[in-house]
Number of protein chains: 2
Amino acid sequence: MSAARIAVQRLSDTIAHELERRILDGALKPGDRLQPERELAAELGVSRPSLREAIQKLVSKGLLHSRQGGGTYVTDRLEAGFTDPWGDMLQKHPNLQADLLEFRAMLESEAAALAAKRATDADLERIGEAYARVEALFAEGPSARVFEEQVKADLAFHQTIAEAAHNVMFGHLTASLFRVTHEHIDLNLRHLRRLEEDWLRLRDQHAAIWEAVRSRDADAARVAVRRHIAFVEESMQARAQHEARESRTQLIRRMEKAESH
Amino acid sequence: MSAARIAVQRLSDTIAHELERRILDGALKPGDRLQPERELAAELGVSRPSLREAIQKLVSKGLLHSRQGGGTYVTDRLEAGFTDPWGDMLQKHPNLQADLLEFRAMLESEAAALAAKRATDADLERIGEAYARVEALFAEGPSARVFEEQVKADLAFHQTIAEAAHNVMFGHLTASLFRVTHEHIDLNLRHLRRLEEDWLRLRDQHAAIWEAVRSRDADAARVAVRRHIAFVEESMQARAQHEARESRTQLIRRMEKAESH
DNA sequence: GGGTAGTATTTGGTCAGACCAATGAAGGAG
DNA sequence: CTCCTTCATTGGTCTGACCAAATACTACCC
């Protein structure tokens, strides 16, 4: 079935590999500008389309970026890490974000309910500590200085609750969803920074969740989390309206144009 | 300042975005074959090189793969990112099965509830067909002759409902869990084969689920699925008692055998 | 009639050359 | 000297062609 899978390699893959090698070897340093496409294609002995396919692969990986008329450059912050497929899919497809939030609403509310039932004293202590950290950081208000820490503390709080559900599925799924959603939550919290009122509501919601779990009230925990995520969803929709619509219009125009032929 | 940063979007990015959308929307399902490049390019009103750049981006992301002369296909392990880590752990640690069932109870009951609310007429038709297939096969009773088909039909029924929830998370997760659990469900159904009474109950449960979804009763659907899975869990525990000794015996034999070398 | 080898078609892979559009530096006007 | 125009540079896109692998089809042979 998958016997001859290794066989041929696409030329664009070979080129992309070669460019990656040059970057990793230091021949191309972050911030450096690549040779013009025509020139580089000639040097590698390949056609420009093939070279371009390779470049686009690396662009989508985040290793290169190019400006029309300007040139192609090696990304200057390589340490930013790889962008995983799900990650940027989330940024570009708003309906996926909605799906994910809906899923999280179910996952985390149920996890909180289970945690309320099953948490050991040690679990409650951990959750309490996580909550205290969140509360302490959020008490400083929308401050850019501690923003990154606020996000981390927020995630850690939810994660700790999920782990107290004592079901590995909940723990692992929550963790992997957080990994995917991280920068996304980041954006959202950043958006909330300026709105003092929303900020206070967030703190109330955290407090309600913690209180419900601590008093072992499963139903209250479920409701509190659902309310929290509903609020997040609401604020996200508000932000979405602000953001300009994707220029998918461009594609539509082309499709119409194609149809008119 | 940050206004002109976004500037224009590369055409290949727009195309890649459109293809991703089709995949997420379900217009292109995992395993599906894309139209030929020339044809697709014409439909989108773009040139083949531009389309190719987009395809190569998605290939490098692992969303597509293409074989020269064969065609371009949507990768069928979209959800691998979530499943991979604990995929084989589940097989090694059977005690995690309880966790998985608990998770499935939540996932599928919620999916059924959403499906009851959101299913289109086409969805209901698909679910109805899936149910009819299940019912027809189960009507033959515990017969080894059609056993494998019964398992498949059963899974397809649940999967169809999950997809009718119109949330990619539910669809993908359900599919990936089924893949992990397949041989497990297989074992369980096989165990139920002999017990005529249990077999009838299974049919009743399927009927209840289908009826709840068809009548768009979200709460009833949720309850029906939870009851179904609770029943499965119950029967699994019964089976576990039977097989625990047996497998332990086999393991001990192996250990003795190994020691004797 | 059925299976098989050989051919034809489909389809992704690659190439060449051209034109467009954004960029940015050189050169001219004030 | 500053600002604006101009134009070569360079990425972005298109057309059309040919190659190679996979597949579909046909005709031949048993």
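Nothing here was measured: the structure is a model prediction, and the numbers come from that model. Letters A, B, ... mirror the listed sequences (proteins, then strands); counts begin at 1.
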Parallel, tilted or perpendicular: ring planes of Phe138(B) versus Trp199(B), cut at 30 and 60 degrees: parallel
Parallel, tilted or perpendicular: ring planes of Tyr73(A) versus His65(A), cut at 30 and 60 degrees: parallel
Heavy-atom donor-acceptor pair, Gln150(B) side chain to Leu137(B) backbone, under 3.5 Å: yes
Ionic contact status for Glu43(B) with Arg22(B), cut-off 4.0 Å: yes
Sequence-distant partners of Arg214(B), side-chain hydrogen bond (donor to acceptor under 3.5 Å, both in side chains), two or more places apart: Glu211(B)
Output field: ring centroids His206(B)/Tyr131(B) closer than 6.0 Å: no
By side-chain hydrogen bond (donor to acceptor under 3.5 Å, both in side chains) - contacts of Thr160(B) (at least two apart): none
Tabulate atom names and distances for all N/O pairs under 3.5 angstrom spanning the protein and nucleotides 3-8 of chain D.
none

Any donor-acceptor pair under 3.5 Å from Arg216(B) side chain to Ala116(B) backbone: yes
CG on Leu173(A) to CZ on Phe103(A), rounded to 0.5 Å: 5.0 Å
Interatomic distance, His65(A) NE2 vs dG12(D) C1' [rounded to whole Å]: 17 Å
Inter-end axis angle, the helix from dG1(C)-dC30(D) to dG30(C)-dC1(D), with every axis fitted to five base pairs (rounded, 10 degrees): 10°
Distance in angstrom units between Leu40(A) CG and dT9(D) P, rounded: 18 Å
Closest-nucleotide 5' rank along DNA chain C - winner of Glu39(B) and Tyr73(A): Glu39(B)
Residues forming a salt bridge (Lys or Arg N to Asp or Glu O under 4.0 Å) with Arg203(B), sequence neighbours excluded: Glu135(B)
B/S/- contact track for nucleotides 12-19 of chain C, protein heavy atom under 4.0 Å: BBBB--BB
